[in-house]
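Taking it in order: structure first as structure tokens, then the write-up.
Sequence positions, counted from 1, serve as the residue numbers for this chain.
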Amino acid sequence: MPDAPDVLEIEALRRRQALMDRAGERVGSSLDVRETARAIADLLAPSVGAAAFVDLAEEVLNGDEPPRHDAVEPRPRMIRTAAAGDYPSDRLDIGDVVPMPAELPHLREVFVEGAVVLERRHAGDNLHRSVDPRLARRLLPPGTESRIIMPLRARGLVLGVAVVVECREEWAGDEDDLRQLSLIASRAALAVDNARRYEREHRTAVILQRQLLPSTTTDTTAATTFATYLPAGRRNVGGGDWFDVIPLSSARVALVTGTVAGHGLRATATMGRLRSAMGTLAVLDLEPDELLTHLDDLVQRLDAESGDDVQRVRAACTYLVHDPVSGHCVAAGAGGTAPVVVPPGGPATLMPMRAGPALGEGGAPFEVSEWDVVPGTLVALYTRGLLDVVGAGPDDDPADLLPGMLQRASGTADGRQKELSEISADVLRNVGPEGPPGDVVLLTGYLKTVDDAHTAHWTIPARPELVASMRAAVSKQLNEWGLDDLTVMASELVISELVTNSVRYAGGSLEVRLIRTGHELVCEVSDPASTQPRLRRARTTDEGGRGLFLVAQMTERWGCRYSADGKTIWTEQSLAAPELNHPTQG
């Protein structure tokens, strides 16, 4: 009959098991590399020794793999990442580079062999005899008796080391203790490696997200905008929030914010596809509800292609179009948030936009909301992540607080127009250094209008004999605006060709409009027909078919948009460039 284990062996088994249980509870609960290192240090001190610290390879802190050490040279660059317990004040501080001279003891054992090293006696004195005393003092206080060096090794890579100094007597270092510490080190290394992989995915998603987003500032005829994108903190992988400012025909602009459900690279890639598709649909001058309907069809197709019944492809979006000539805004939402509008002097208003179903749900139609604005009106579009950081109390609805916050943030004592970057910073002041719990997008803009003196409008019947008089009227208006002769000649040709086409193919009553902005001239001809004009290259023997080709050569952009009453053909000519360019069709 085998001998029964004595009391000391039972206590040792309980001690080792208790340490392993605590390791399971504390280490690996976070996907942040630095928090994981702190958990390892807190586990080891004071349970195993008086003090403990964790040094990680610099690559690991950046989410990358450290180099594989088949030899001591080149030595890894280690960063002091965490410390716990009673340790002298002249130690290395968190974030310092850990010196690793060639004569440092146990380099090969730790970084090449991956072995746990135990120094039972005179650890500090041995180190001071091996390296420069000033350096040794920073690594280990003189007089330190015992030290345990535990390499954090995962998948054959040493990610870092955990060091315990002044070990407790019960961890004297017999073979069972060393095996137990090796198991602890392996579990800790896996936790660090998981956090490192998460860090890499988080960083990749954020970099990709930022690359897929447009410039944070724009200044157009219709609006001056500033956008803030805050990725989710390290506790969460960035998602698919986005914003966009899309120039449209006739000096209009579209403001967009959206969110793709989910996190990580998949959500970011889906966001990029949706933003690209929305930009393409927007330049077709579709109405907001029609645009969202097409985008909803795309999301449903992406969902079907994904083949994932658990993580469905879904997105929310708010789409707003501002016309600076009429001072009119139209907006529609697909599960998105309602815009906040702050006129000069207030009050701030949460626009009563009825958000339809999220993109990908299908079924219910999207509804359009409309309102008029005055010059200098502040508008804010945002994603739902903002509502988590506006500082709402337990009984408050963040959406009700946001208008007041924006009004206070945009107000100044002297009545001046506050910078949009200042407004955004004020609204987001509650975001801590760890970042928001989810992605946040805040797009703010001051809306502008075009002065009536910079527009001209005529209504004429579709009669061929009126083309010449229309050309003369346009020439007179452009001369009154002081435009150069080259612009006047080009505009006469453009108006003549567009009006002639409408007279020939549409009939009815025609609308001609000119819009002069600071950098371009917009010419429009509207007719009651819905026929799509098409650019083609006429053959030598053709008598016609050259009109739109000439228009395209004389303007920067041209295109066609439709309404309930027919269509509008528009062109844009640059007033800044001294020479005419060869544009593409808008």
Side-chain angles (χ1 to χ4, degrees), residues 209-231 241-259 271 274-276 278-279 281-283 285 288 291 317-333 336-344 348-351 353 369 371-386 402-403 405-407 409-412 416-428 439-450 517-520:
Q209 183 96 341
R210 293 192 184 280
Q211 290 294 321
L212 292 174
L213 293 176
S215 172
T216 57
T217 60
T218 66
D219 189 4
T220 66
T221 302
T224 299
T225 67
F226 178 83
T228 299
Y229 164 68
L230 298 179
D241 284 22
W242 87 91
F243 65 89
D244 214 341
V245 179
I246 308 172
L248 303 178
S249 63
S250 303
R252 298 172 305 140
V253 69
L255 307 180
V256 186
T257 56
T259 303
M271 176 277 292
L274 293 186
R275 180 179 170 247
S276 178
M278 174 167 280
L281 293 170
V283 297
D285 284 311
L291 182 145
C317 178
T318 300
Y319 183 81
L320 182 151
V321 176
H322 171 55
D323 185 346
V325 177
S326 64
H328 193 64
C329 290
V330 293
T337 53
V340 175
V341 176
V342 188
T349 305
L350 188 69
M351 298 311 299
M353 184 187 75
S369 301
W371 63 91
D372 294 321
V373 297
V374 297
T377 294
L378 173 69
V379 64
L381 280 71
Y382 51 95
T383 56
R384 293 195 179 276
L386 177 65
L402 194 56
M405 291 186 65
L406 281 164
Q407 182 160 338
S410 60
T412 58
R416 67 176 178 87
Q417 197 176 66
K418 201 171 183 180
E419 292 291 335
L420 293 171
S421 57
E422 296 181 54
I423 297 173
S424 297
D426 195 4
V427 173
L428 296 169
D439 279 18
V440 172
V441 163
L442 174 59
L443 174 61
T444 56
Y446 285 121
L447 302 182
K448 308 176 187 177
T449 58
V450 175
T517 69
H519 58 277
E520 68 184 10

Checklist entry - Picking from L255, L248, V330, V373, what satisfies side-chain contact (heavy atoms from CB on, under 4.5 Å) with H322? => result V373
Item to check | Test item: M278 and V256 side chains (from C-beta on) under 4.5 Å apart, heavy atoms | outcome: yes
Next on the checklist: Please tell me whether T224 and K448 have a donor and an acceptor in their side chains that are separated by less than 3.5 angstrom.
Outcome noted: yes
Checklist entry - Does a side-chain heavy-atom distance below 4.5 Å link S250 with D323? => result no
Checklist outcome for this item: Taking every heavy atom of A380 against every heavy atom of L406, the minimum-distance pair comes out as CB-CD1, 3.5 Å
Checklist entry - What's the verdict on side-chain contact (heavy atoms from CB on, under 4.5 Å) for R384 and T259, showing C-alpha distance, side-chain angles and the deciding distance? => result CA-CA 8 Å; R384 293 195 179 276; T259 303; 5.7 Å; no
Next on the checklist: Between T257 and T383, is there a side-chain donor-acceptor contact under 3.5 Å, judged purely by atom types and distance?
Outcome noted: no
Checklist entry - Side-chain contact, heavy-atom cut-off 4.5 Å: V341 with T377? => result yes
Checklist entry - Any side-chain heavy atom of T221 within less than 4.5 Å of one from V450? => result yes
Checklist entry - When rounded to the nearest 0.5 angstrom, what distance separates CE in M353 from OG1 in T318? => result 4.0 Å
Item to check | N/O donor-acceptor pair under 3.5 Å between K418 side chain and I423 backbone | outcome: no
Next on the checklist: For the CG atom of L420 and the CG atom of L443, what is their distance to the nearest 0.5 Å?
Outcome noted: 9.5 Å
Checklist entry - Hey, does the side chain of T337 reach the backbone of Y382 with a donor-acceptor pair shorter than 3.5 angstrom? => result yes
Item to check | Interatomic spacing from CG in L386 to OG in S424 - rounded to 0.5 Å | outcome: 9.5 Å
Checklist entry - Got a second to check how far R210's CZ is from T216's OG1, nearest 0.5 Å? => result 10.0 Å
Checklist entry - Under 3.5 Å, side chain of S215 to main-chain N/O of T217, donor-acceptor pair present? => result yes
Item to check | Heavy atoms of other groups near E419 CD, more than 12 under 6.0 Å | outcome: no
Next on the checklist: If I compare all heavy atoms of P344 with all of P375, which pair ends up nearest, and what's the gap?
Outcome noted: CG-O, 3.5 Å
Item to check | N/O donor-acceptor pair under 3.5 Å between Q407 side chain and V342 backbone | outcome: no
Next on the checklist: Contact between D241 and V440 at the side-chain level, heavy atoms closer than 4.5 Å - yes or no?
Outcome noted: no
Checklist entry - Is there a donor-acceptor contact under 3.5 Å from the side chain of R275 to the main chain of W242? => result no
Item to check | Heavy-atom side-chain contact between P214 and F243 under 4.5 Å | outcome: yes
Item to check | Intermediate values then yes/no, side-chain contact (heavy atoms from CB on, under 4.5 Å), V379 and M351 | outcome: CA-CA 10 Å; V379 64; M351 298 311 299; over 6 Å; no
Checklist outcome for this item: Tightest non-hydrogen contact, residues W371 and P339, listed as CH2-CG, 4.4 Å
Checklist entry - For the residue pair A331 and P288, what are the closest heavy atoms and their distance? => result C-CB, 4.3 Å
Item to check | Contact summary for L378 and S410, nearest pair of heavy atoms | outcome: CD2-CB, 3.8 Å
Checklist entry - Atom CG in D244, atom CG in L381: separation rounded to 0.5 Å? => result 11.5 Å
Next on the checklist: Working note: D439 + Q209, criterion side-chain contact (heavy atoms from CB on, under 4.5 Å); need CA distance, chi angles, decisive distance, verdict.
Outcome noted: CA-CA 11 Å; D439 279 18; Q209 183 96 341; 3.6 Å; yes
Checklist entry - Quick one: NE2 on H328 to CG on L447, what's the gap to the nearest 0.5 Å? => result 12.5 Å
